[in-house]
Structures are given as structure tokens and as C-alpha cells.
Amino acid sequence: MSTADLSAQNLSAQKLTAGKEVPVSSEPIIEIQNLNKWYGQHHVLKDVNMQVLPGQKVVVVGPSGSGKSTLIRCINRLEEFQQGDIVVNGHRLTEARNLPLVRREVGMVFQSFNLFPHMSVLENVTLAPRKLRGLSEADARARAAALLERVGIAEQAAKFPGQLSGGQQQRVAIARALAMQPQVMLFDEPTSALDPEVVGEVLDVMRGLAQEGMTMIVVTHEMGFAREVADRVVFMDRGELLEDLPPAEFFGAPRLERTQNFLSRVLNH
Amino acid sequence: MDFQLIVDSLPFLLKGAVLTIQVTVIALVAGIVLGTLLALARLSPIKPLSWLATAYIELIRGTPLLVQIFLIYFGLPQVTGINLDPFPAGVLAFSLNSAAYVAEIMRSGIQGVPRGQTEASLSLGFSPRDTMRYIVLPQAFRRVLPPLVNESLNLLKNTSLLSSIALVELTRAGQIVAARSYKPFEMYLGIALVYLAMTMVLSFLSSRVEKRWGAGERR
Ligand SMILES: Nc1ncnc2c1ncn2[C@@H]1O[C@H](COP(=O)(O)OP(=O)(O)OP(=O)(O)O)[C@@H](O)[C@H]1O
Ligand SMILES: [Mg+2]
């Protein structure tokens, strides 16, 4: 069943993104309103507003400590926030009973992979669909096999995470998140912990996902990826969301001086 | 030196050793189950539960095991009217005692599992409870295996304290033979060797388990 599922998903996804920058539906799948967060006295998210339409790819950039991770971790409520509202796919995050629902529909990929070291690659990818989506062992395996194939590590299914390279681990982590068939994928610097020579293989998987129409929010320092894949680039600095522009404008004609300074720093190093 | 004595009394000693093993195994299993629950209680966000668990753990760890044994064997009948035979009394005392020590071992094991593991699990949609069950506890158990083995070795050796409530475990069996034969040196040396044999088997088994668990997940 699951392979059929997947290709069905791919088909509709392709319809969604026949061109590149064209989300069809106009209802935002993620809506962030006046989000404020403090760590003690430290105001780390200041009145952040953002909407993401289905199929959009948003790349979040900004200096270290600007609140990028905190922002995307609020979207699946790995971080609490004190003020504001986030609505994901119609579910209000501030209502506690929506939380598991939202988390099932929002996949997350971490900088440090966070694969489960006590489980094989296959188990990593099948656990959540079996326990949370009620898939049979066989269906979960078939779905996992298709996903591992897609991220290019089908032969490693029986291995344990500790036996894989960083790039391979990150691709398994992507497969693990996709196995829940999420509506949205969040990436928090997915390539920052990788050796330079394997960054490309992870970005390739993400590019493929983008082409299939997945809604993605990606925190990254890979400006090439942002330029090429993003529909919008969002710039954060000191807890504020300062720019939200198409990549051509963001890189070509940033409006604020803070953005210009940031860009000249990251693009020239 | 008369080692014939040990050989002759071996069947009697081995019967004692069997009791020693029984107390150890039952108390260890109970201790691991109770200790894990205690560790979860202590780490629970529900404050009264956490305080209660902490109080229990401190109480047990702050008092001598022998006093705990006496409290259960001699004290319990006085206040409850329930008379326990030496064997159940001993098992009870050791279970309650090892639970406290295992709880602290488990707590550090649970806290040693990186935060990212919990986050990954929650982000997939697992509840905190399932996260504990499928992700954190299995990793915690692997981490605590060495200190847990240490605790079981202590447990095994400490069961000799039960000789003081007339349970004929290995030490008591040795005392009886020694008293009868006037050959305490050979006798206690013999007993020491039997304990050593048991602890060595335990260490060997645990190193096998550790190897097998470690095989798949080299980091
Ligand atoms: N658990 C925490 N407790 C207190 N302060 C925190 C905590 N986590 C993050 N912060 C602070 O919140 C701010 C935003 O952090 P965040 O991790 O979101 O930044 P970032 O943009 O992702 O940075 P980086 O590029 O380094 O990952 C920083 O000033 C950081 O020091
Ligand atoms: Mg970050």
C-alpha cells in the first residue's frame, strides 16, 4: 500500500509545483502571529509574524543567536512561547490537545541528526508510522524501504546509526521524518554538522523534496541553496524578523543596512 | 589445614549458596522494577511525587542495611502483627534497599540520554510517556549496565548479612559448619571462594551482554 501512497503523493505534489514558485492554495498552512518569547529576561523572539502557504519553501537566515532555531522550534512547540499564536494546518498550537496532532504533521530535521542509536536504520524509520499511524510492520517496512531508496541509502537499512557517515545519518533522519507523511518539514541547519564533502548529498535530497512540493522551512547558512530553492528568504536579527523577500531581491537588493552587513559577511567569507 | 572438611560439607554449603542466589535474583529483579519506577517518580514534574521518591531514596541510602533488615524481621511483627520468615523478610529488605540504589543509577542513566533524543521523538509526535518508553529508557538501560552490575555484586555479597536473622544462606551455612568443626579458617576461606565464583560468573555474563548491546551501536 505504501508505495502506491507515495507515488500518489508525488503526483499531487507535482501538480502543485508544476512551475516553481506557485503554491496553489491560498490558505496559509503555517500562521505565526505576534510571537514573543523570553528566556528569563532575555527577549529572544520579538513580535514575529510570518505566514507560509502550502508548498512554499522559506529559508531563514541570520547571525548566530538571532533566534532562528527558537523560531522554528516554536512551530512544533519544542519551545514554549509566552505570547502570540501559531496555527498549523488549522490547529492552534496554544491548545494543548492539538500538540500531538500538529507534531505528526510537522517533520523536523536537526543539526545533530538525533537518530535513535539503539535502533537500526530501518527501525528508526518504521517506529513512528507503526506506533502513531497504526501501520502494520509490513506496510511500515515498505514505506521505509521506498523512503530509504529515495534518499539513496537503501543498502544501509540493517545498519545502526553509529555505523553511518554524517551525511548518511542526516538522510536517514530526513527519511524518518518523511515516514510520518508530514505536511510541513522544518530543517534546523541540517548541514552544519557535516563534513564539507557530504553537504551536497543532503542538499540534493532536500532539493528533491522541494521539487515534489513539500512545504519547507529551512534554517541554513547555505546561501546557494537559499538562492536556488527558496520562494522567500527571511532574515532574522536579535529576535526580530527583519526581511521577508524573494531570493532575487533579498540577495540583489536587501533593504536594510543590517541585512546588507550580514550578507556581505556571509557571502565574502 | 584441612580442606577435606570443605569437600565434605560442600552439599550443605551449596544449599546455602542456592538461597543466596535466590535472594539476590529476586531482590535484583524487584529492585530494578521498583528502582526504575522510583527514578521516573523522582524525575516527574509532579512535585509531591518527586519529593516522596527523593525522601524514600535518601532514607534507604542514609541508613545501614543491617538496621533495615532488623526493622523488617524484628520490628514489623511488633507493629503489624505479621511475622515474616527469614527468607521473605530478607527478600523484602533487599528489594526495598536495592530499589533505592537502582533508582539513583537509573536517574543518572535517564539524564545521560541526550536531550536531542527526546526532541526527535517528540517531533515525530510521540507523547512524553512513549518517548520515555521507546527512546529514553532503552538507551538509559544500556548506559547503566556497568553500575547495575556493580549494584548486583554488592547485593550478592551483602546477602551474607541475612545470616544474622538465621537464614541459612551461604555465610550462615559456613558458620554452622565452622562452629561444629572448630576449623574456621578453612571454612571461611571456602565460603569466600564460593562467593568469588558466583561474582565472577555474574561479571562474565554481564560483559557478554554489554558486548552484544554494544556491537550494533558503535558511535
Ligand atoms: N535554553 C536556553 N536558555 C536560555 N537562552 C537560550 C536558550 N536557547 C537559546 N537561548 C538564547 O536565545 C537566543 C536565540 O537562540 P537561537 O538558538 O534561536 O539562535 P540561532 O539563530 O538559532 O543561532 P545559531 O545560528 O547559533 O544556531 C540566543 O541569544 C541564545 O543565547
Ligand atoms: Mg540555531
Side-chain angles (χ1 to χ4, degrees), chain A residues 69 72-73 75-79 96-121 123-133 158-164 166 169 172-173 175-182 184-188 193, chain B residues 32 35-36 39-40 43-47 102 105-149 206-219:
Chain A
S69 299
I72 69 166
R73 289 159 57 86
I75 296 173
N76 62 357
R77 204 126 185 220
L78 284 184
E79 298 291 349
R97 70 191 155 86
N98 286 336
L99 196 52
L101 218 89
V102 167
R103 284 182 175 158
R104 280 168 216 201
E105 291 175 11
V106 177
M108 186 168 225
V109 175
F110 302 84
Q111 180 174 349
S112 50
F113 330 134
N114 297 345
L115 291 178
F116 306 133
H118 59 302
M119 297 179 183
S120 70
V121 164
E123 289 165 329
N124 264 276
V125 182
T126 54
L127 182 75
R130 282 196 295 123
K131 303 291 180 193
L132 299 173
R133 296 267 194 232
K159 289 198 179 160
F160 282 78
Q163 298 169 300
L164 303 183
Q169 289 193 51
V172 174
R176 176 178 69 179
L178 290 177
M180 285 297 284
Q181 302 193 326
V184 178
M185 286 285 284
L186 308 174
F187 293 84
D188 191 359
Chain B
I32 289 173
T36 303
L40 292 176
L43 292 171
S44 157
I46 306 164
K47 286 292 165 219
V102 171
I105 293 171
M106 282 309 300
R107 181 172 70 108
S108 75
I110 289 170
Q111 288 177 325
V113 176
R115 172 81 194 143
Q117 291 291 306
T118 299
E119 291 181 349
S121 172
L122 292 176
S123 79
L124 287 166
F126 283 108
S127 63
R129 197 194 155 112
D130 281 348
T131 296
M132 190 51 81
R133 173 167 160 207
Y134 297 123
I135 306 302
V136 178
L137 275 184
Q139 294 183 56
F141 273 119
R142 286 163 169 78
R143 285 167 178 267
V144 300
L145 198 67
L148 218 49
V149 169
S206 66
S207 74
R208 297 273 309 247
V209 174
E210 214 167 326
K211 257 192 211 124
R212 232 188 46 199
W213 272 359
E217 44 183 285
R218 275 174 281 125
R219 281 165 205 255

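No experiment lies behind these values; they were computed from the predicted model shown. Numbers restart at 1 for each chain; the letters A, B, ... are given by sequence-line order, proteins then strands.
To the nearest 0.5 Å, the span separating CZ on A:Arg176 from OG on B:Ser121 amounts to 8.5 Å. Note that OG of A:Ser112 is 8.0 Å distant from CD of B:Glu119, once rounded to the nearest 0.5 Å. Taken to the nearest 0.5 Å, the CZ atom of B:Arg143 stands 11.5 Å off from the NE2 atom of A:His118.
Only the backbone of A:Leu115 comes within contact range of chain B, with heavy atoms under 4.5 Å apart. There is no contact between A:Arg77 and chain B, counting heavy-atom distances below 4.5 Å. The contact between B:Ser123 and chain A is made by backbone and side chain atoms together, counting heavy-atom distances below 4.5 Å. Of the atoms belonging to B:Thr118, not a single heavy atom falls under 4.5 Å from chain A.
Contact detail for A:Phe116 and B:Ala120: the closest heavy-atom pair is CE2-CB, 4.0 Å. Residue A:Met180 comes nearest to B:Leu124 through the heavy atom pair CE-O, 3.5 Å, listed as atom of the first residue, atom of the second, then distance. Summarising the geometry of B:Tyr134 relative to A:Met119, their closest heavy-atom pair is O-CE, 3.6 Å, with the distance given to 0.1 Å.
Residue pairs that meet the side chain to side chain donor-acceptor pair (under 3.5 Å) test with at least one member in residues 96-111 of chain A, sequence neighbours left out, are A:Asn89-A:Glu105, A:Glu95-A:Arg97.
A donor-acceptor distance shorter than 3.5 angstrom exists from the side chain of A:Asn114 to the backbone of B:Gly116, with no hydrogens or angles considered.
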